[in-house]
Amino acid sequence: QVQLVESGGGLVQAGDSLRLSCAASGRTFSSYSTAWFRQAPGKERDFVARIWWSSGSTYYADSVKGRFTISRDNAKNTVYLQMNSLKPEDTAVYYCAAGIFYTNNAYDYKNWGRGTQVTVSS
């Protein structure tokens, strides 16, 4: 079992940047896929980005490609989401998730954090 804790959310203006962190405890990420999802009020939880821990391979949703970057720090057992050029439509609760399958599907991830709120004002 992996415990995940997100941090770094906040209120920013359009065009600003934020970096989210997802710290893991209980087990290392070494054989996991780690992903970020987001959920806006009244909407489904959407895939944002994922990284395969061992290789560093990454994949992004089209809506964030070129603006967001997912990365990991092996020593800190932490995954990051660098978000640049933020838009009001990026406003959501952002969740970190870990699982053994390298997919975009939320139901494939068995370990979830509680989320961190990102609000982008226009």
Side-chain angles (χ1 to χ4, degrees):
Q1 191 74 6
V2 177
Q3 290 78 46
L4 305 172
V5 178
E6 304 98 333
S7 61
L11 171 63
V12 297
Q13 294 186 331
D16 286 350
S17 298
L18 275 177
R19 188 178 78 158
L20 306 183
S21 300
C22 173
S25 61
R27 188 169 180 172
T28 65
F29 278 135
S30 61
S31 58
Y32 279 76
S33 170
T34 308
W36 288 95
F37 291 80
R38 65 186 182 185
Q39 189 167 18
K43 296 189 176 181
E44 295 185 351
R45 191 167 296 189
D46 290 333
F47 167 77
V48 175
R50 57 179 158 92
I51 186 166
W52 186 251
W53 189 264
S54 58
S55 68
S57 174
T58 60
Y59 189 83
Y60 298 90
D62 287 343
S63 58
V64 306
K65 200 173 296 182
R67 299 189 299 123
F68 291 10
T69 303
I70 189 170
S71 62
R72 86 254 198 247
D73 184 324
N74 291 358
K76 296 182 178 180
N77 215 28
T78 298
V79 170
Y80 302 99
L81 185 68
Q82 177 66 43
M83 306 186 294
N84 298 329
S85 303
L86 282 161
K87 305 175 181 180
E89 51 264 43
D90 294 319
T91 295
V93 177
Y94 283 70
Y95 297 91
C96 177
I100 63 173
F101 299 107
Y102 188 52
T103 80
N104 298 350
N105 299 314
Y107 56 77
D108 285 329
Y109 291 84
K110 305 306 180 186
N111 303 280
W112 290 84
R114 292 188 174 184
T116 185
Q117 176 71 46
V118 172
T119 303
V120 185
S121 63
S122 58

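Taking each heavy atom of S54 and R72 in turn, the nearest pair found is O-NH2, 3.7 Å. Counting all heavy atoms, side chain and backbone alike, S122 lies closest to A14 at CA-CB, 4.4 Å. Of all heavy-atom pairs spanning L4 and A24, the tightest one is CD2-CB, 3.9 Å. Taking both residues in full, the closest heavy atoms of S33 and R50 are given as OG-CB, 4.3 Å, listed atom of the first, atom of the second, then distance. Across all their heavy atoms, I70 and W36 have their closest contact at CD1-CD1, 3.6 Å. Nearest heavy atom pair, residue L18 against residue G10, reads CD1-N, 4.0 Å.
Legend: residues meeting side chain to side chain contact (heavy atoms under 4.5 Å, CB included) with K110, ordered by chain and number and at least two apart, are absent.
Put simply, the side chain of N77 does not reach to within 4.5 Å of the side chain of S25, judged on heavy atoms.
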Stepwise, does the side-chain contact (heavy atoms from CB on, under 4.5 Å) test hold for R114 with V5?
-> CA-CA 7 Å; R114 292 188 174 184; V5 178; over 6 Å; no
I would like to know whether R38 and V64 meet side-chain contact (heavy atoms from CB on, under 4.5 Å); could you show each step before the answer?
-> CA-CA 12 Å; R38 65 186 182 185; V64 306; 4.0 Å; yes
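Pairs passing the side chain to side chain donor-acceptor pair (under 3.5 Å) check and including a residue from residues 5-17, sequence neighbours excluded, read S17-N84.
Within a 6.0 Å radius of NZ in K43, other residues, nucleotides and ligands contribute 12 heavy atoms or fewer.
Between D90 and K87 there is no salt bridge, since no side-chain N of the basic residue sits under 4.0 Å from a carboxylate O of the acidic one.
Side-chain contacts under 4.5 Å among hydrophobic residues (ILVMFWY), followed directly or transitively, place W112 together with F37, F47, W52, Y59, V93, Y95, Y102, Y109.
Using modelled atom types, one side-chain atom of D73 and one backbone atom of K76 make a donor-acceptor pair closer than 3.5 Å. Side chain of Y80 to backbone of T69: no donor-acceptor contact under 3.5 angstrom is found. Between the T116 side chain and the Y94 main chain, no donor and acceptor come within less than 3.5 Å of each other.
Of the inter-residue distances, the one linking F68 atom CZ with T58 atom OG1 reads 14.0 Å to the nearest 0.5 angstrom. Here the straight-line distance linking atom CD of E44 with atom CD of Q39 works out to 8.5 Å at 0.5 Å rounding.
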